[in-house]
Amino acid sequence: MVDRVHISDEERALAEALREAPRGALALAGAAVGLLLLAWFLIFFFVFLPRGTVT
Amino acid sequence: MDAQARNNRRWIVASSVTVLALLGIGALLGLLIVPAVQGREAGLDPWTAFCRAVGVKPGVAPVAQPISDAVAAPVSEVAWSSEVLTALVHGDRNAGQALAKERCTACHGERGLSTDTQYPRLSGQSAAALYKQLRDYQTGARAHPMMTAVAQGLDETQVRNLAAYFAHGNSFASLGHPQPLQDYEMDRLVNRGVPDRGIPPCNACHGGGVGGPIETPTLGGQHREYLQRQLQLYASGERRNDVFGRMRNIASRLTPGEIKELAAYYEGWQPVEGELAAGR
Amino acid sequence: MAARTEQDVVRIETRWALAMCGVVLVILAAILYASLRIHVNPPSNVELIDPKTLHLSDEFTEANLGTRVGPDGAIVARIVATQFEFVPRCVVLPAGRRVTLRFASPDVIHGILVSGTNVNTMVVPGYVSQVHTEFQKTGDLLMPCHEYCGLGHSQMLATVRVVPADRFKPDADGRVSCEQR
Amino acid sequence: MNSARRLALANFWVAFAAFGIAAVLGVWQMWARSPWQAPLHTPSNYFLSVTAHGVSMAYVLSTFFIMGFGYVVAETALKRPVPGIRWGWIAFWMATAGVLIADLAIFSGNASVLYTFYPPMTASVWFYIGLVLVVAGSWIWCVQMLVAMAQWKRANPGQPVPLAMFATVANAVLWLWTTVGVAAELLFQIIPMALGLVETIDVGLSRTLFSWTLHAIVYFWLIPAYIAFYTMAPQAAGGRLFSDTMGRLSFVLFLIYSLPVGLHHLFMDPEHAAGFKFLQSFLTILVTVPTLLTVFTISASMEIAGRMRGGKGWFGWIRALPWERPMVLATGLSFFMLWFGGGGGLINMSYGMNAMVHNTSWVTAHFHLIYGGTVVLMYFAIAYEVWPALTGRRFASNKPLRQQLWWWTIGMMVMTLPWHYLGLEGQWRRVAQFDYSDPHIAEWGPWVLVSLAGGVLLLLSALRFIVNLLSLHWRAPGEAPPPLEFARPAHEVTQVPAVLNGFSLWNLLVLILMAAAYGFPIGHALVERAPAAIVHRMGG
């Protein structure tokens, strides 16, 4: 299923890619985890706490 | 110690220290710091707070444990135990049969198949149900002009033998195969439950093998008049030996018409051929 | 930020791992804040009671169920969860005051939640479940059994009637029930 | 790929057969819970169906898929035949017999105790015997995986074990650790009770032993999806795995932190005190770290693939990825659902916050999203990836495969989002029939119908999946498919630290963690015996 690019091309493409990676992934994953944290705190403050303290 | 061995050792030490340190912090917080801080409000010394946090003492750190000065006032005093339940399964049926001939068949008929509708049919009834009713008559949790005296004349083993004997009759049908009900309202009462009136389906307890309360009687094949009267007694609260008022709550929600129809439905329940409706 | 060598990769991954540990710490701090400052705990009262003789016990005898203001002034609602209803089906509790709900089961596992609040606990035969809380909103709140307990589980439902504190009037014996209202 | 081929296919087909039946039951349950009248809708049918749906999805689909996939990985990654193939078939037939026995007990109405079978409700003993046979079969598979790795390491001293196999063996070790709980519960408490040898049972101890298994079992199901993330998605995208070391570390973190955390299923239980609940909540948050690592490592791997295909700028690589390939599409959709499923999990595990959602539809939504969504979607993608190698034929086109993956994701989101909302509204679990005349519950009706629509789409997707796989068996064998290959790391790995190539240290640390986390709770239950409850028998 993987398209067979000539080995040296693949190595060159990989080296090219590695020069810029993984800044996109850091941004994407960072945003996703940031949103997750935000969602957790929104639910913590605006849904959980107003429902009353239980112990 | 070449580079790789040193690297391996570094990894082993680093991971072990991290895992154990995190475990220590978690335990410290959960078992000591949080309970101690919370305990201060309830005026608890850290030791009691720790005992509560570990589960050796009841209660939660920040709140004093409420006290109760209520006194027990039970109606039915039957408490199930493995000893009683195993005894009912291995009860001496022959002794029970002899005793039944002597004291029960006069009213409850041969092998408990009474024809007079004021006396319930006992054959095939659940052993636990029979045991509980006899014990309730003994303790006065349930009263009846004749049954109270008869029951008080029996000792524990006699009660168990009678329950075991009658439970192995086969005139009652097993409710394992509920009959299809044409009337939708009746089907709701018997099989589906009526949530808007808070009534669970009758067969949630009285069906066969449904894991309901232990003392649940089998209803199939019982005289309709007897079933109707018991439901009315429960509804009026005159009969009160149902534990925590289960039947009183349900019966009081049924209309007289429904009580009549339910009694007729369960009486009409024909025994299933060849199937021994043994008590559970 | 380039990842030309394995060392670069490990450096970036380590920095990401530290950031994630930061995220974990932030959530942990919030949990600790809730525990230390406003004493939030899951209901964790480890108190044993024999389910087989629950109906013979002092505290959970049929006559003592429902809301009662105890000799120590504590407002306690005692509720038995049995197949297939809560006894009593309706309890009255005041808003704005600390109340305690105590549950016990004589037969199988049940569970309760009070809709719109954080009151939630399992009711396991052999133990007394206890929840301390303070209701803010008044009104009839739904209290279903949320653990499968048999074929009647869907009909096992009770009501918690939260009334304003001034209309919470216990009788001589300190009891309050829905019927009196 | 020959000796284990038929064994893997057999395991896969038992898994997907159970999956198909359970999907139909699932939709009937959604219909029964909705305001519309469903046929055959009685409480006994409903709880029978919930038990069958749970057992099929949680015990049969998962265990058999994992065994099948393990054989494929062991054969392909290690490039040597799987040891003890005869034992593999014994395990398969034993487990399949177990499934049939359990299903017979369930569908005869004698085992409506749900797949968690909490006592004192007791099913017919055959239900439990069936489950024991499935677990016993899976233990044989675990031994095969351990032996396979040991043989390979002996043949290649000092070489790093291929990541796919390292993760599969981590999963086997995790499974051996976690089944100790449910095996002890079944052996010492449940089966004697079901046989009628005892009339009472210690319910608190039983729930504690089951919780020992209840969390790590979901990571047992989850790890194959993560193996696909690490070793199949980068390969399918035409890129490289960003970090092999971080992959190994993640699977090790899953192993040690998914085990000592089971008490978060008992936060609302009265048999354990706040101290140990807090400790296990603390340990549970550590099990989120490997997932947070994986999210970045796989995104970076995908970025490499995207840039190798000409993607430019910050996010140009996303568009450049070969989304027409099922494995790539599945990884993207799976990560999308992981955000919601993982987020739900973060709420559930947050100590006191669990009280807001315990036993509500929020929890049902959580595990449908994270297991039914993230994990099972990757099961589909893995099946599409290995089916050509197993059947020797290529898929005619990827379109029906992609369609099926989209239908599953959309169906899952449409079904579970309303559930989250209804859970917060107080909708409680396992209800055969709601009282829609109650004004509070009437508001839920429309949302339950939305969930039903999602359920119907899921059923269509499930049936489509089975047809997609069957279509490959019927096709005439054309051009041979390419051999199955796993992703290579961006930078070739010649050696890894010993701890990331074996499990002796991690087993020791797990032992310490389990002793600390479960030692007192179980010891306390054994020493201070709680009063026992009377057994309530379901069925004949």
Side-chain angles (χ1 to χ4, degrees), chain B residues 4-5 7-12 14-16 19-20 22-27 29-32 34-35 38 50-58 60-61 80-86 89 174 176 178 187 191-198 200-201 203-204 207-214 280, chain D residues 41-44 109-110 112-113 120-124 158 196 198-200 252 256-257 260 271-283 286 431-438 441 495 497-500 505-506 508-509 512-513 516-517 520-521 524 528 532 534-540:
Chain B
Q4 193 187 2
N7 185 26
N8 288 346
R9 219 167 57 73
R10 208 160 41 79
W11 268 88
I12 291 172
S15 21
S16 310
V19 166
L20 297 179
L22 286 171
L23 176 65
I25 294 167
L29 282 172
L31 299 173
L32 295 178
V34 168
Q38 287 184 351
F50 170 75
C51 290
R52 290 189 177 189
V54 168
V56 176
K57 283 204 177 84
V60 187
W80 297 115
S81 64
S82 45
E83 190 261 335
V84 168
L85 288 171
T86 23
V89 173
S174 137
D187 188 40
N191 289 321
R192 298 160 184 264
V194 187
D196 43 334
R197 290 159 62 193
N203 281 351
V210 288
I214 306 300
R280 256 192 321 224
Chain D
H41 180 203
T42 64
S44 50
N110 292 321
S112 299
V113 288
M121 305 277 292
T122 316
S124 133
V198 287
E199 291 295 336
T200 60
V252 158
I256 56 175
Y257 282 124
E271 59 262 19
H272 298 298
F276 284 95
K277 290 181 183 178
F278 187 94
L279 170 61
Q280 298 217 10
S281 174
F282 181 89
L283 292 173
L286 298 180
V431 179
Q433 187 183 15
F434 282 111
D435 169 19
Y436 285 108
S437 71
D438 178 322
I441 297 172
Q495 43 140 301
V499 292
L500 292 183
L505 173 69
W506 309 118
L508 178 66
L509 289 177
I512 297 166
L513 284 170
F520 185 87
H524 184 218
E528 197 190 330
I534 298 283
V535 166
H536 286 60
R537 299 190 191 285
M538 304 273 296

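Because the structure is predicted, anything quoted here is derived from the model rather than measured.
D/V113 does not touch chain B: none of its heavy atoms, backbone or side chain, sits under 4.5 Å away. Looking at D/I256, only its side chain comes within 4.5 Å of chain B, counting heavy atoms on both sides. Neither the backbone nor the side chain of D/I441 comes within contact range of chain B; no heavy atom of the residue lies under 4.5 Å from a heavy atom of that chain. Contacts between D/F520 and chain B at a heavy-atom distance below 4.5 Å involve the side chain alone, from C-beta outward. Looking at D/H272, there are no atoms closer than 4.5 Å to chain B (heavy atoms on both sides), in backbone or side chain. When heavy atoms are compared at a cutoff of 4.5 Å, B/P201 approaches chain D solely by way of its side chain, counted from C-beta outward. At a 4.5 Å heavy-atom cutoff, the contact between D/A498 and chain B is made by backbone and side-chain atoms alike. With a threshold of 4.5 angstrom between heavy atoms, B/R52 approaches chain D through N, CA, C or O but not through any side-chain atom. Of the atoms belonging to B/V19, heavy atoms from both backbone and side chain fall under 4.5 Å from chain D.
Atoms CD and CZ, on D/Q433 and B/R192 in that order, are 7.5 Å from each other to the nearest 0.5 Å. Atom CD1 of residue B/I214 and atom CZ of residue D/R537 lie 8.5 Å apart, to the nearest 0.5 angstrom.
When the candidates D/T42, D/I512, D/L509 are compared by the number of heavy-atom contacts under 4.5 Å with chain B, D/L509 comes out ahead. Of the listed residues B/V34, B/I25, B/L29, the one with more heavy-atom pairs under 4.5 angstrom with chain D than any other is B/L29.
The minimum heavy-atom distance linking D/P497 with B/N7 is given by the pair CG-ND2, 4.2 Å. Taking all atoms of both residues into account, the shortest heavy-atom contact from B/P195 to D/D435 is CB-CB, 3.4 Å.
Put simply, the side chain of B/P35 does not reach to within 4.5 Å of the side chain of D/F278, judged on heavy atoms. A 4.5 Å side-chain heavy-atom check between D/T200 and B/W80 finds every atom pair outside the cut-off. Residues B/L22 and D/Y257 meet the side-chain proximity criterion, which asks for heavy atoms closer than 4.5 Å. At least one side-chain heavy atom of B/S16 sits under 4.5 Å from a side-chain heavy atom of D/L505. Between B/L23 and D/L279 the shortest side-chain heavy-atom distance falls below 4.5 Å.
Residues forming a side chain to side chain contact (heavy atoms under 4.5 Å, CB included) with B/L32 (at least two apart in sequence, or on another chain): B/L28, B/F50. B/D196 meets the salt bridge (Lys or Arg N to Asp or Glu O under 4.0 Å) test with B/R188; sequence neighbours excluded.
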